[in-house]
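A short worksheet on the structure shown next.
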Protein chains: 2
Amino acid sequence: MANSQFSMAVHILTVLACGKDENVKSEYVARSVNTNPVVIRRVLGQLGQAGIVTSQTGAFGGTRLARAPEDISLCEIYKAVSCGEIFGLPRSPNRDCPIGANIEAVLCNLQKDIERTVGDKLRQYTLATILENVNLAKA
Amino acid sequence: MANSQFSMAVHILTVLACGKDENVKSEYVARSVNTNPVVIRRVLGQLGQAGIVTSQTGAFGGTRLARAPEDISLCEIYKAVSCGEIFGLPRSPNRDCPIGANIEAVLCNLQKDIERTVGDKLRQYTLATILENVNLAKA
DNA sequence: CATATCTGTAACAAGTATAGTTACAATCGT
DNA sequence: ACGATTGTAACTATACTTGTTACAGATATG
């Protein structure tokens with residue numbers, strides 16, 4: 001299954017942003033994402049550890065944004081739920097072969113370069129950008 | 001399993017590049033990558049369809065680069081074996097919810113933007129770049 | 001033309017990741 | 001004390017990647 005946790009995280013945070021400073025229940029978010037509340041809470045757990053949201057247990061509990069949408073970059077969200085690399089490195093190249101012995105390091109550097117590039121791009125967007133676009137599309 | 005087809009493709013092509021204009025057998029490549037020849041031939045099939053390599057069946061057959069390493073960009077290789085997106089889109093957002101109805105298009109645009117960015121970055125490298133780096137590391 | 005050598009590809013097994021689901025302990029307002 | 005909600009473990013279903021075996025088709029060589 002293709003990993004859609006980043007998409008889900010953005011969707012979830014957009015719902016929370018619309019909830020302003022009210023606690024939003026995972027069950028409510030689940031209806032917009034069209035999935036099970038536990039799936040929402042799992043992602044919310046990662047976003048909480050990253051300091052992007054804060055949750056309250058108990059009656060009238062729920063989750064809200066820890067900061068204003070303008071201060072939450074998509075890069076931060078991506079890293080919070082980050083699940084795997086853009087491309088995987090070679091598994092077990094033959095180190096007796098001159099190429100096999102060196103290709104891993106070369107690809108690893110390339111991988112870091114790509115991920116830095118993606119990070120820079122994602123940093124250009126914030127949750128506020130997403131909110132604007134969603135509202136634009138609505139109009 | 002994390003997808004390492006791009007890494008494998010680059011590794012394979014590096015081996016082919018070292019074979020100059022000789023046909024290289026999948027069994028030989030498999031020893032450098034440390035896997036089964038069929039796995040190599042599978043990737044080689046995709047690279048062949050993309051016009052990056054040419055193969056010959058039969059005795060003394062094998063595969064060679066279709067072009068000079070300087071003329072093969074990593075972007076081309078990435079697209080040839082392209083296996084999935086940087087991040088998956090939402091599966092089935094609730095279209096009765098204003099957010100659910102619009103988030104998919106917004107994320108899809110974002111996804112295209114990211115993939116364009118990655119493509120631009122990969123276009124800065126060619127197979128020749130990789131060859132240089134592998135040889136540098138060897139020295 | 002017969003043979004040995006390769007590729008191309010189908011079919012299947014094994015390992016692993018994601019998502020969905022159920023269940024329940026812990027927490028907290030009333 | 002009670003009801004509402006999160007946090008989290010455990011399990012299932014699905015699907016993707018890799019590795020492996022098997023074999024048909026193509027081709028150079030003697």
Side-chain angles (χ1 to χ4, degrees), chain A residues 1-9 11-12 15-16 19 22-50 53-64 66 81-94, chain B residues 1-9 11-12 15-16 19 22-31 33-50 52-64 66 81-94:
Chain A
M1 282 179 198
N3 190 324
S4 58
Q5 284 196 60
F6 172 68
S7 281
M8 200 153 74
H11 188 159
I12 292 170
V15 175
L16 294 191
E22 301 283 314
N23 277 337
V24 180
K25 290 182 283 187
S26 63
E27 203 277 334
Y28 176 84
V29 180
R31 269 200 298 271
S32 176
V33 177
N34 198 28
T35 185
N36 194 294
V38 174
V39 174
I40 300 297
R41 292 203 291 267
R42 275 206 286 250
V43 176
L44 242 19
Q46 297 182 275
L47 296 172
Q49 283 195 327
V53 302
T54 56
S55 294
Q56 281 180 22
T57 60
F60 296 84
T63 309
R64 62 180 69 185
V81 298
S82 160
C83 21
E85 303 129 333
I86 306 286
F87 61 85
L89 294 176
R91 302 189 179 291
S92 54
N94 180 356
Chain B
M1 281 180 198
N3 190 322
S4 60
Q5 285 197 61
F6 173 69
S7 280
M8 200 153 74
H11 188 159
I12 291 170
V15 174
L16 294 191
E22 302 282 315
N23 276 336
V24 181
K25 289 181 284 186
S26 64
E27 203 277 333
Y28 176 83
V29 179
R31 270 201 298 271
V33 177
N34 197 29
T35 184
N36 193 294
V38 175
V39 174
I40 300 297
R41 293 203 290 266
R42 276 206 285 249
V43 177
L44 242 19
Q46 297 182 274
L47 296 173
Q49 283 196 326
I52 298 174
V53 301
T54 57
S55 294
Q56 281 179 23
T57 60
F60 295 86
T63 308
R64 64 180 67 187
V81 298
S82 161
C83 20
E85 302 127 334
I86 305 287
F87 61 85
L89 294 177
R91 302 190 181 289
S92 54
N94 180 356

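All values reported here derive from a predicted model rather than from experimental measurement. No hydrogens, no waters, no symmetry mates; every other heavy atom, side chains included, goes into these values. So you know, we letter chains A, B, ... as the sequences are listed, proteins then strands, and number each from 1.
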Partners of B:Phe87 by ring-ring contact (aromatic ring centres under 6.0 Å, His included), sequence neighbours excluded? A:Phe6
Just how far, in rounded Å, is [atom2] of [N] from [atom1] of [X]?
{"X": "B:Gln5", "N": "D:dT18", "atom1": "CD", "atom2": "C1'", "value": "9 Å"}
{"X": "A:Leu89", "N": "D:dT18", "atom1": "CG", "atom2": "C1'", "value": "16 Å"}
{"X": "B:Arg91", "N": "C:dT18", "atom1": "CZ", "atom2": "C1'", "value": "7 Å"}
{"X": "A:Phe6", "N": "C:dA19", "atom1": "CZ", "atom2": "P", "value": "14 Å"}
{"X": "A:Tyr28", "N": "D:dT5", "atom1": "OH", "atom2": "P", "value": "14 Å"}
{"X": "A:Asn34", "N": "C:dG20", "atom1": "CG", "atom2": "P", "value": "9 Å"}
{"X": "A:Gln46", "N": "C:dT18", "atom1": "CD", "atom2": "C1'", "value": "12 Å"}
{"X": "A:Ile40", "N": "D:dT5", "atom1": "CD1", "atom2": "C1'", "value": "15 Å"}

Could you state the interatomic distance from CZ (B:Arg64) to OG1 (B:Thr54), rounded to the nearest 0.5 Å? 6.0 Å
So does A:Gly88 get a backbone contact from the side chain of B:Ser7, meaning a donor-acceptor N/O pair under 3.5 Å? yes
Sub-3.5 Å pairs of nitrogen or oxygen atoms, protein against nucleotides 6-9 of chain D:
| from | atom 1 | to | atom 2 | distance (Å) |
| --- | --- | --- | --- | --- |
| D:dT6 | OP1 | A:Ser26 | N | 2.9 |
| D:dT6 | OP2 | A:Ser26 | OG | 2.9 |
| D:dG7 | N7 | A:Arg41 | NE | 2.9 |
| D:dG7 | O6 | A:Arg41 | NH2 | 3.0 |

In terms of side-chain heavy atoms of B:Val39, which of C:dA19, D:dT20, D:dG3 is nearest? D:dT20
Pairwise side chain to side chain donor-acceptor pair (under 3.5 Å) hits with a residue in residues 33-45 of chain B, at least two apart: A:Ser92-B:Asn34, B:Ser26-B:Arg41
Residues at least two apart in sequence or cross-chain that pass side chain to side chain contact (heavy atoms under 4.5 Å, CB included) with A:Thr57, listed by chain then number, are none
Mind checking side chain to side chain contact (heavy atoms under 4.5 Å, CB included) for A:Glu27 and listing every partner two or more places apart, or none if nothing turns up? A:Arg31, A:Pro37
B:Ser4 side chain near D:dT18 phosphate (N/O to OP1/OP2, under 4.0 Å): yes
Suppose we screen for salt bridge (Lys or Arg N to Asp or Glu O under 4.0 Å). Which residues come up paired with A:Glu85, at least two apart in sequence or across chains? none
For A:Asn36, which contact category applies under a 4.0 Å heavy-atom criterion: base, sugar-phosphate, or nothing? base
A:Asn3 or A:Ala59: which one's nearest nucleotide on DNA chain C is closer to the 5' end? A:Asn3
